[in-house]
Every structure is written in structure tokens, then in C-alpha cells.
Amino acid sequence: MAVTSPNSGFAPWPDRLRRAAIILIATALGLTAAVVFGGLTLPQAGLIFIVIAGAALVPWHLHQSVPTSEDMIGARPAETPVVQALVGGMPDAAVLLDRAGRVLHFNTAAGQLAPALRKNELALFALRSPEIIAALREAIATRQPQRASYVDHVPIDRWMELIVTPLSLPTAFGGSEYCILMTFHDQTPLRRVEEMRADFVANASHELRTPLAALSGFIDTLQGPAREDPKARERFLGIMHTQATRMARLIDDLLSLSRVELSAHVRPEKLVDVVPLVRQVIDGLEPLASERQVAIEIELPPAPVLIAGDTEELLRVFENLIENGLKYGATGGRVMVSLTEPVPDDAAGEVRFAVRDFGPGIPPEHLPRLTERFYRVDAGDSRAQGGTGLGLSLVRHILIRHRGRLLIESVFGHGATFTACFPAAKAATAGAKE
Ligand code: ADP
């Protein structure tokens with residue numbers, strides 16, 4: 001393809017004047033011949049000459065009536081540096097094609113997506129996915145925008161969306177140039193969020209359906225075979241109560257989780273003394289501890305320990321961690337609960353609430369996933385213990401809101417330690433003011 005200077009919109013002036021001169025000379029010769037041999041009168045010939053000369057000398061006519069290949073290329077707005085810079089600066093992968101599908105410009109992101117792209121070559125040679133080819137062909141044929149979704153497998157699986165937009169770029173002299181803009185959008189993060197949402201809904205409905213099925217099964221039994229059996233009725237009502245409690249707990253946990261997520265960006269500011277909160281939770285869990293025959297050893301500072309926090313959420317953190325220790329670490333026979341203030345040379349300045357149990361511990365491969373929603377090491381065991389699989393996820397979200405963190409340490413077979421770290425009050429308020 002011949003290429004003129006990208007800045008030249010038209011053929012140079014001398015060329016255009018030369019063409020006009022050729023037209024005028026040819027017209028003059030033709031008219032002279034017509035006067036001499038054809039019987040045309042001089043005034044008629046003069047009139048015709050004036051009309052043709054006027055038309056030949058109008059600049060747009062000079063440009064458009066006798067187009068050369070240079071004119072055609074030079075007049076293409078799509079080839080100007082401005083358009084090249086626009087395509088180059090687009091945040092997503094972008095390729096600009098001419099009406100036949102030849103590449104005019106593409107940016108770095110597009111070059112990475114399709115390394116075979118070459119300027120002035122057909123894009124179809126470089127973009128091999130059938131969905132892309134179909135969308136491009138359709139856009140060229142119909143001049144209508146097209147969308148296509150496809151999976152790019154190299155170097156890793158990515159869900160991509162292609163938008164093909166036919167464009168009509170105006171030329172300086174009132175004409176237009178038709179070209180095609182292809183933009184590629186990486187939909188992978190959205191897709192992952194969508195998958196997580198679908199998993200979450202599936203898990204939540206599964207968790208609710210199980211106790212619901214048990215409840216309706218027992219209602220049928222109580223209305224039928226066990227109607228006149230007081231002993232069976234008593235037992236079944238007990239089971240129904242447990243299942244109803246489980247459902248209520250699951251709904252509570254789901255609501256708490258969504259509340260904490262909604263307020264994740266709002267850091268609590270009220271200063272709270274956590275010592276009485278820990279005591280309150282331990283008192284509430286004493287019945288569970290004695291039922292599981294677990295001794296709770298407590299180590300709390302004598303003076304108040306202040307953190308900037310939300311009382312209800314802090315209670316949920318302490319309750320979840322101690323309860324887990326009592327439920328899953330019961331075989332160890334004891335659970336240590338401690339609260340420590342930051343030591344003077346502690347750069348992080350954290351208040352640490354730790355729960356250590358001496359039960360079976362957690363295999364290392366499960367540790368990174370424990371705070372995912374509905375993740376359990378042993379789902380049967382968790383359900384049998386009345387667990388929802390949401391406790392640690394809730395703890396993690398509450399700690400994120402408090403700008404804290406959760407540490408989980410476990411040596412399989414030797415118990416586990418869960419530590420909730422909070423910025424101490426001074427550090428917390430200083431951070432809040434920033
Ligand atoms: P759940 O409602 O099932 O207790 P959590 O989110 O609180 O849900 O805990 C997730 C899983 O982590 C539990 O099902 C259990 O398998 C494991 N886990 C939590 N705490 C302990 C612990 N102290 N010792 C052993 N495993 C634990």
C-alpha cells in the first residue's frame with residue numbers, strides 16, 4: 001500500500017493546478033474543434049468553457065472529482081496521528097481496521113492479546129477465535145455493531161468480550177471514511193464474582209434446605225404414625241427444635257455477614273474496653289464448656305484495654321473463636337483465652353485476643369481457606385456441632401472493618417491458636433484522623 005505523509009490531507013497544490021490546467025486545455029481544444037468542424041457558435045463555446053473552468057477550479061472539485069490513489073489515502077482521517085494516539089491510549093485492547101478489515105492501528109494491549117497482528121494486514125489472519133471472526137465478518141457486511149464473548153486460553157483462561165463498532169469518520173471536505181473499531185474487554189474478574197455469588201446462593205440454600213427437609217419430615221411423622229406416641233413426639237420435637245435453631249443461626253450469620261460487608265468501609269470510632277466483653281462471652285459459654293468437659297483458662301489484664309470498635313461485632317469475634325475452641329478442640333480438655341496489650345517496642349501496636357485449644361488441630365492444607373464462607377474441614381462434624389461454616393468468615397470481615405487481622409496457627413495433632421489482632425486505641429484513633 002502506498003503511504004503518503006500522515007499529515008497531508010490532500011494531494012499537493014501543484015498537482016491539483018496541473019490537473020486543472022490539463023482539464024482546461026483539453027476543454028479548449030475540444031471546443032475549438034467543435035466550433036471549426038461542428039457548427040458550434042463562438043458564444044456557445046465560450047459559455048461552455050466558462051462553466052467547465054469554474055467547475056475545475058473549485059477546490060473541493062479539484063480534490064474529489066479526479067481522485068488519485070494518493071488523494072484517497074491522504075484524505076483518510078483514520079490514518080492521522082490523532083486517531084493513532086487515541087487507539088494507542090485506550091485502556092483496553094483496541095484495534096482499528098479499514099473497511100476491508102485491514103489493520104490501521106492497534107495498541108500495546110491488543111499486541112499482547114494477539115501477537116500476530118500486523119499493520120496493513122487483514123486482522124482475520126491474526127485473530128483466530130471463531131467468535132471474533134464471525135463478529136468481524138458480520139460487522140463488515142452489515143455495518144452494525146457486534147458483540148462476541150469467548151474464552152482466551154493463552155497464557156491462562158480469560159473470559160473476554162469483544163465489541164466491534166463500525167465508525168464513519170468525517171473527512172475535511174464533507175465526505176466520510178468508514179472503518180471498524182474492535183475493543184476487547186477482560187470480563188474475568190466479573191465472571192469470578194458471578195461464580196462466587198452463584199456458589200454462595202447454592203451453599204446458602206443447601207444449608208437451609210437440609211434442616212427444612214428434616215422439619216417437614218418430622219411434621220409429617222407427628223401428624224401420622226407418631227400421632228398417639230407421646231415418647232416419640234417428645235423426641236421428635238427436640239430434634240425439630242435443634243433444626244429450627246440451626247436455621248435461625250444460619251440466617252443470623254448471613255445477615256450479620258452482609259451487614260458487616262456493607263459497613264466495611266466505615267471504621268468504628270467508639271472506644272470500647274474489651275476486658276468486660278471477653279468476660280461476658282466466657283460466662284455465656286460456661287454451659288457449653290462444662291457440657292464438653294473443657295476447662296477455660298483465662299489470662300486478662302487487670303486494667304481496661306481500649307480499642308476503637310463496635311461492641312456487638314467484638315462480641316461476635318470473641319464468641320466465635322472461643323466457641324470453636326470448645327467445639328473442635330474439646331478432646332484437649334482445656335482452652336486458653338488471653339488478651340494482651342501491645343508491648344512498648346511493638347511497632348504494630350496491636351491488642352491481641354488469642355484462643356488456644358489442645359484438640360486435633362487443623363491439617364495445613366485447610367488453613368488458607370478456613371475463612372471462606374461455608375468452608376469446613378469436616379462438614380459433617382461442623383453440622384453435628386451446630387456450625388454454619390460462616391463463623392470464621394464473619395470474624396475475618398469484622399476484623400477487616402476494624403483494620404485488624406486474624407492469625408491462625410496449628411500443628412496438626414497439637415491443637416490450634418486463633419489470634420484476633422486489633423490496632424490499639426491510640427494507633428486506631430491516630431489512623432482514623434489521617
Ligand atoms: P463452623 O460454623 O463450621 O464452626 P467456622 O467458620 O467457625 O464454621 O469454622 C470453619 C471450620 O474451621 C470448622 O468447620 C472447622 O472444621 C474448622 N475449625 C475452626 N476452629 C477450629 C479449631 N479450633 N480446631 C479445629 N478446627 C477448627
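Order of appearance sets the numbers: ligands from 1, and atoms from 1 within every ligand.
- Contacts between Val377 and ligand 1, counted as non-hydrogen atom pairs separated by less than 4.0 Å, involve both the backbone and the side chain.
- For ligand 1, the polar-atom distance check against Gly361 finds no nitrogen or oxygen pair separated by under 3.5 Å.
- The backbone N or O of Ser263 lies less than 3.5 Å from a partner atom in the side chain of Arg401, making a donor-acceptor pair.
- Near Tyr375, meaning under 4.0 Å from any of its heavy atoms, are these atoms of ligand 1: 10 (C), 11 (C).
- No side-chain donor-acceptor contact under 3.5 Å links Thr371 to the backbone of Arg396.
- Contact annotation: for Phe418 versus ligand 1, heavy atoms closer than 4.0 Å belong to the side chain alone.
- Sparse packing is recorded around CD of Glu234, with 12 or fewer heavy atoms of other residues, nucleotides or ligands lying under 6.0 Å away.
- The contact set between ligand 1 and Ser382, taken as ligand atoms under 4.0 Å from a residue heavy atom, comprises 1 (P), 3 (O), 14 (O).
- Side chains of Phe184 and Ile132 form a contact here, defined as non-hydrogen atoms less than 4.5 Å apart.
- Side-chain contact check for Ser149 versus Glu131: every heavy-atom pair is 4.5 Å or farther apart.
- The shortest N/O to N/O separation between Gly391 and ligand 1 falls below 3.5 Å.
- Tested against Arg316 for a side-chain hydrogen bond (donor to acceptor under 3.5 Å, both in side chains), the candidates Asp253, Thr311, Asp310 yield a single pass: Asp253.
- Among all protein heavy atoms, the one lying closest to atom 7 (O) of ligand 1 is Asn324 ND2, 2.9 Å.
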Salt bridge (charged side-chain N to carboxylate O under 4.0 Å, His left out) between Arg249 and Glu319, intermediate numbers included: CA-CA 13 Å; Arg249 191 169 176 171; Glu319 189 185 356; 5.8 Å; no
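- In the vicinity of Thr388, heavy-atom distances shorter than 4.0 Å reach the ligand 1 atoms 1 (P), 2 (O).
- The shortest N or O to N or O distance between Ser393 and ligand 1 is not under 3.5 Å.
- In terms of protein heavy atoms, atom 14 (O) of ligand 1 is closest to Arg376 CG, 3.2 Å.
- Between Ile362 and ligand 1, not a single N/O pair is under 3.5 Å apart.
- In terms of protein heavy atoms, atom 5 (P) of ligand 1 is closest to Leu392 N, 3.6 Å.
- Between Tyr328 and ligand 1, at least one N/O pair is under 3.5 Å apart.
- Scanning both residues, Tyr328 and Gln385, for their nearest heavy atoms gives CE2-CG, 4.2 Å.
- Within the 4.0 Å heavy-atom cutoff, Leu370 counts among the residues contacting ligand 1.
- Judged by distance alone, with hydrogens and angles left aside, the side-chain atoms of Asp98 form no donor-acceptor pair with the main-chain N or O of Leu104 at under 3.5 Å.
- Electrostatic pairing of Glu313 and Arg259 does not count as a salt bridge here, judged by no charged N lying under 4.0 Å from a carboxylate O.
- Interface atoms of ligand 1 facing Lys327, defined by a heavy-atom separation under 4.0 Å, are 4 (O).
- No donor-acceptor contact under 3.5 angstrom links the side chains of Glu207 and Asn203, judged on distance only.
- Residue contacts with ligand 1, taken as heavy atom pairs separated by less than 4.0 Å, involve Asp357 solely via side-chain atoms from C-beta onward.
- Using a 4.0 angstrom heavy-atom cutoff, Gly389 counts as in contact with ligand 1.
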